[in-house]
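A short worksheet on the structure shown next.
Keep in mind it's a predicted model, so treat the numbers as computed, not measured.
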Amino acid sequence: MTAEFRSDFLRTLDERGFIHQCTDMTALDEKLSAGTQSAYIGFDATADSLHVGSLVQIMLLHHFQACGHKPIVLMGGGTTKVGDPTGKDEQRKLLSDGDIEANIAGIKRAFEPFVRFGDGESDAIMANNDDWLSELSYIHFLRDYGVHFTINRMLTFDSVKLRLDREQPMTFLEFNYMLMQAYDFLELQRRHECVLQMGGSDQWGNIVNGVELIRRVGATQGEERSSFGLTTPLVTTSSGKKMGKTENGAVWLNADRTSAYDYWQFWRNSDDADVGKWLRRFTLLPMDEVRRLEALQGSEINDAKKILATEATTLLHGAEAAANAAATAQKVFEQGAAGGDLPSITANAADLGDGLALFAPFQELGLIQSNGEGRRHIKAGALKINDKSLSEERKLSPDDVVDGQIKLSIGKKKHGLIKVQA
């Protein structure tokens, strides 16, 4: 049974399994029931796209807006220059200003299918903490805000303890990260009346720091300021693996990094035990339908997986791309055909005349990582050309071309095409 919440937002999060910790659930519920509020989640710009591991937080922002509130997407243009030490054994690679700006431009595209940006009361805004962090005077920052943090307490946070317990060095630059994140919350409250910071459970210590800083700064000014922290459970698969990682690496949210077909296939390949959890968190299906689907047993669970894949892909890539991905999958897996939306590369017919090295196109399509892996798949009968297993390594030739293309497969689930040009 779910908790009794007054606010639509917390009710939605509760029934879909998003809630892990909250600094003051009762007071937050009351605040969210009193009218439109602002909340933020921060995203550092360490790559030019977010991956599926960030989707929980993006869905939080979606539900927050759907319940009539104002989401704030905070890009870490400033904090990326420091690097979040949370969960890391070593310092992150430091990026140039140009790299960070390019990454932010790429990341912005991931949010547009999920939240509505604009100037309205509940329209989302995108902020960049470089706007205020790069303007700070270090001495003034330490005098005004450093006095509210103690080294004793900072040493108890998991991000620090993990590094120290493993006897891995933590630079003073990284040690400052938690102060900067706390200051972000204070600055967003000043600029946008933000009352809530959300994030994964690994960010709990940093989020509590921000809540405490707002309280302490308010107290020095004779003010009582409302601020709250809310975290989600860390998302792992039923086997305990980090969600969003595959044999071929991260599943990115930008289409130029992960195609709609590959994205659809990622969800279709979910473990049976994860289907209900993913339907709750990564689709907008009504809960009655979610409960019906997660109750399916045996072979019927495959129907739920297809619905999960199509619903999740529709959210990110649109209904047409999702339908095309589903149709391609049906052709590939149920009819044995080579669907047109499969990942593909091109080759010239002339290259095939002299024989094309077997494993190179498999690697280019991301089906294998090395020649050795390819040879192991041949021995297992899993490496296929046009759905036929090979008995030994050989070259690709014009005889392999069918209707202007060659279908490459690893097992039953990983496929790609070589489109042959005259």
Side-chain angles (χ1 to χ4, degrees), residues 41-62 73 75-76 79-80 83-95 99-100 102-114 199-203 232-271 274 277-278 281-283 305 308-309 312-317 321-322 325 329 341-345 362-370 373 410-411 413-416:
I41 301 177
F43 301 85
D44 278 344
T46 54
D48 62 1
S49 172
L50 298 176
H51 55 71
V52 169
S54 298
L55 194 55
V56 169
Q57 310 311 324
I58 296 175
M59 292 302 294
L60 278 184
L61 295 174
H62 170 88
V73 178
M75 298 308 305
T79 43
T80 302
D84 185 358
T86 303
K88 299 296 179 182
D89 283 341
E90 58 185 24
Q91 183 175 345
R92 294 176 186 264
K93 176 184 176 182
L94 296 182
L95 303 178
D99 289 337
I100 293 172
N103 286 347
I104 289 175
I107 288 172
K108 283 181 179 179
R109 301 200 303 271
F111 291 95
E112 292 171 355
F114 297 94
S201 59
D202 59 337
Q203 292 294 321
T232 60
L234 286 183
V235 182
T236 57
T237 66
S238 57
S239 61
K241 294 181 180 179
K242 198 169 184 178
M243 192 250 185
K245 297 289 186 179
T246 69
E247 294 178 0
N248 297 320
V251 179
W252 300 97
L253 298 182
N254 287 12
D256 58 347
R257 299 285 296 272
T258 299
S259 70
Y261 173 82
D262 285 338
Y263 192 74
W264 190 96
Q265 197 60 47
F266 166 76
W267 295 106
R268 172 62 181 83
N269 290 338
S270 298
D271 290 340
D274 293 324
K277 184 165 57 175
W278 296 167
R281 296 180 185 175
F282 303 120
T283 79
K305 291 181 181 181
L308 164 65
T313 306
T314 296
L315 276 176
L316 181 61
H317 294 286
D341 280 356
L342 286 178
S344 66
I345 58 175
F362 277 90
Q363 292 185 52
E364 191 173 349
L365 285 164
L367 301 178
I368 62 173
Q369 299 299 307
S370 66
E373 182 185 349
I410 298 293
K413 295 182 178 180
K414 297 168 68 174
H415 307 272

[Y] side chain reached by [X] side chain, heavy atoms, under 4.5 Å:
| X | Y | answer |
| --- | --- | --- |
| Ile100 | Met75 | no |
| His415 | Leu367 | no |
| Leu253 | Arg109 | no |
| Leu315 | Met59 | yes |
| Leu61 | Ile41 | yes |
| Thr283 | Trp278 | no |
| Pro233 | Arg281 | yes |
| Ile107 | Ser49 | no |

Main chain of [Y], side chain of [X]: is a donor-acceptor contact present, judged purely on distance under 3.5 Å?
| X | Y | result |
| --- | --- | --- |
| Thr313 | Ala309 | yes |
| Lys305 | Ser270 | yes |
| Lys108 | Asn103 | no |
| Gln203 | Gly199 | no |
| Asn269 | Gln265 | yes |
| His51 | Val251 | no |

Of all the heavy-atom pairs spanning [X] and [Y], show the shortest one and how long it is.
| X | Y | answer |
| --- | --- | --- |
| Ser370 | Gln363 | C-NE2, 3.8 Å |
| Ala329 | Trp264 | CB-CZ3, 3.3 Å |
| Trp252 | Thr258 | N-OG1, 2.9 Å |
| Tyr263 | Ala312 | CE2-O, 3.7 Å |
| Ala260 | Ala325 | O-CB, 4.0 Å |

Find the distance between CZ (Arg268) and OH (Tyr261) and round it off to the nearest 0.5 Å.
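These two atoms lie 10.0 Å from each other.
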So, taking the atom named OG1 in Thr80 and the one named CD1 in Ile104, what distance separates them when rounded to the nearest 0.5 Å?
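Here the rounded value is 6.5 Å.
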State whether a side-chain donor-acceptor pair under 3.5 Å links Thr237 with Asp274.
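Distance-only check fails for Thr237 and Asp274.
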Taking atom types as modelled and ignoring hydrogens, do the side chains of Gln57 and Thr232 form a donor-acceptor contact shorter than 3.5 angstrom?
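Checked: Gln57/Thr232 side chains pair up, N/O donor to acceptor below 3.5 Å.
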Pick out which of Leu316, Ile58, Val56 makes a side-chain contact (heavy atoms from CB on, under 4.5 Å) with Phe282.
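The single option meeting the side-chain contact (heavy atoms from CB on, under 4.5 Å) with Phe282 is Val56.
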